[in-house]
Amino acid sequence: LDWVAGRMDQPEFMVSDTSADYAAAPDEFALIKKLNVDASLGHGAVISDESEIGRFAFRKDWLFRNGLNHKEIRLIGVKGDSMTPTIDDGDMLLIDTGCSEYQGDGVYVLRVDSELVAKRMQSDLSGGFFIKSDNAAYREIHIDKDSSLQVDVVAKVERVISISEP
C-alpha cells in the first residue's frame with residue numbers, strides 16, 4: 001500500500017545492491033546490471049557507451065514468476081516525455097534483451113536507424129506495425145515492407161520503475 005501511495009522509493013521486488021536484505025540473503029536475489037544507456041522518449045538518442053554503471057538486486061522468485069531470465073534482463077534510463085503518462089523522464093526500464101523481435105503489442109526498446117527509443121509497437125494486421133507514443137503530442141510512425149526506416153527490436157520493456165524522491 002505504501003508503494004501505491006508513493007511513499008516508498010523502490011518496488012517490493014527490487015532492492016539496491018547495498019541493501020541489508022541482499023547481504024543477508026544473497027541466494028534470494030539476482031543482481032541485474034544497470035547500463036549507462038538512456039533510451040529516448042522523444043526523437044531518438046545515439047548510444048556510444050553501454051557500460052555497466054551499477055547493479056540492482058531483484059528477488060529471484062519474482063523474476064521466475066514473471067518469466068524473466070536474470071541473464072537477459074538489464075536496467076536502462078529514459079529521457080523525454082513522449083511516453084508520458086506510462087513512462088516519465090528519469091524512470092528506469094527493466095528490459096528483456098532476450099526478446100529481439102516483435103512479440104505482440106507492447107512497449108519495446110527499438111533502434112530506429114541509429115537511434116535508441118522506447119516506444120509502443122502495435123501491429124497493423126497487414127504485416128507491418130505502428131510505432132506509437134503515449135503522449136498525443138507525438139505522431140505515430142507506420143512501418144511496412146516498403147519503409148525506408150531501419151527498425152530493430154533491442155528489447156521488450158517488462159517493467160517501468162519510477163524512483164521518486166521521498
Side-chain angles (χ1 to χ4, degrees), residues 1-42 44-112 114-121 131-135 151-166:
L1 186 57
D2 282 336
W3 181 56
V4 173
R7 292 187 291 266
M8 291 179 62
D9 292 355
Q10 299 167 336
E12 65 184 23
F13 54 83
M14 180 183 78
V15 296
S16 74
D17 58 349
T18 59
S19 165
D21 291 336
Y22 176 74
D27 292 340
E28 294 181 26
F29 296 92
L31 290 177
I32 304 304
K33 294 177 183 178
K34 166 74 167 87
L35 302 179
N36 185 27
V37 171
D38 287 322
S40 175
L41 299 179
V46 176
I47 304 301
S48 60
D49 180 21
E50 295 183 15
S51 61
E52 178 183 326
I53 59 172
R55 291 182 180 216
F56 285 80
F58 283 76
R59 297 190 63 82
K60 288 181 179 177
D61 61 339
W62 182 87
L63 294 169
F64 179 77
R65 281 193 316 272
N66 286 277
L68 299 173
N69 178 345
H70 71 276
K71 295 177 182 176
E72 294 180 334
I73 61 174
R74 302 287 182 267
L75 288 161
I76 64 171
V78 292
K79 299 274 187 215
D81 68 349
S82 73
M83 289 299 290
T84 300
T86 308
I87 307 171
D88 292 318
D89 184 53
D91 285 349
M92 284 194 305
L93 302 179
L94 181 70
I95 61 171
D96 182 356
T97 62
C99 172
S100 59
E101 58 186 42
Y102 178 74
Q103 294 182 345
D105 296 356
V107 179
Y108 293 82
V109 176
L110 307 170
R111 191 170 314 279
V112 180
S114 62
E115 298 179 335
L116 199 65
V117 298
K119 298 287 185 180
R120 188 170 303 282
M121 290 181 74
I131 298 174
K132 297 182 169 190
S133 298
D134 289 355
N135 181 337
V151 178
D152 297 304
V153 173
V154 174
K156 185 168 188 196
V157 174
E158 294 294 339
R159 182 76 61 167
V160 177
I161 302 169
S162 297
I163 300 180
S164 59
E165 296 296 320

CD1 (Ile53) and CG (Leu35) are apart, to the nearest 0.5 Å, by 7.5 Å
Side chain of Asp91, backbone of Val160: donor and acceptor closer than 3.5 Å?
no
So do Thr86 and Arg120 actually touch side chain to side chain, heavy atoms under 4.5 Å?
yes
Does some side-chain heavy atom of Val153 sit less than 4.5 Å from a side-chain heavy atom of Leu110?
yes
Hey, is the main chain of Glu72 close enough, under 3.5 Å, to the side chain of Thr97 for a donor-acceptor pair?
yes
May I ask you to decide if Gln103's main-chain N or O and Tyr108's side chain share a donor-acceptor pair within less than 3.5 Å?
yes
From CZ (Arg159) to CG (Leu93), nearest 0.5 Å
12.0 Å
Starting at CG of Leu75, measure out to CD1 of Ile32 and round the result to the nearest 0.5 Å.
7.5 Å
Please determine whether side-chain contact (heavy atoms from CB on, under 4.5 Å) holds for the pair Phe56 and Lys34, giving the CA-CA distance in whole Å, both sets of side-chain angles, and the decisive distance to 0.1 Å.
CA-CA 7 Å; Phe56 285 80; Lys34 166 74 167 87; 4.1 Å; yes
What distance do Lys132 atom NZ and Ser82 atom OG have between them, rounded to the nearest 0.5 Å?
14.0 Å
From NZ (Lys119) to CD1 (Ile87), nearest 0.5 Å:
9.5 Å
For side-chain contact (heavy atoms from CB on, under 4.5 Å), just list the numbers for Val37 and Arg74, CA-CA rounded to whole Å, side-chain angles, deciding distance to a tenth of an Å, and then say yes or no.
CA-CA 10 Å; Val37 171; Arg74 302 287 182 267; over 6 Å; no
Which heavy atom of Lys60 sits nearest a heavy atom of Ala30, and at what distance?
CG-N, 3.8 Å
Of all heavy-atom pairs linking Met83 and Ser133, the shortest is SD-CA, 3.7 Å
Salt bridge flag under 4.0 Å for residues Glu28 and Arg59
yes
Please round to the nearest 0.5 Å and tell me the distance separating atom CD1 of Ile73 and atom CG of Leu94.
4.5 Å
Asn66 side chain to Leu68 main-chain N or O, any donor-acceptor pair under 3.5 Å?
no
If you look at every heavy atom in Val154 and Arg111, which pair is closest and at what distance?
CG2-N, 3.8 Å
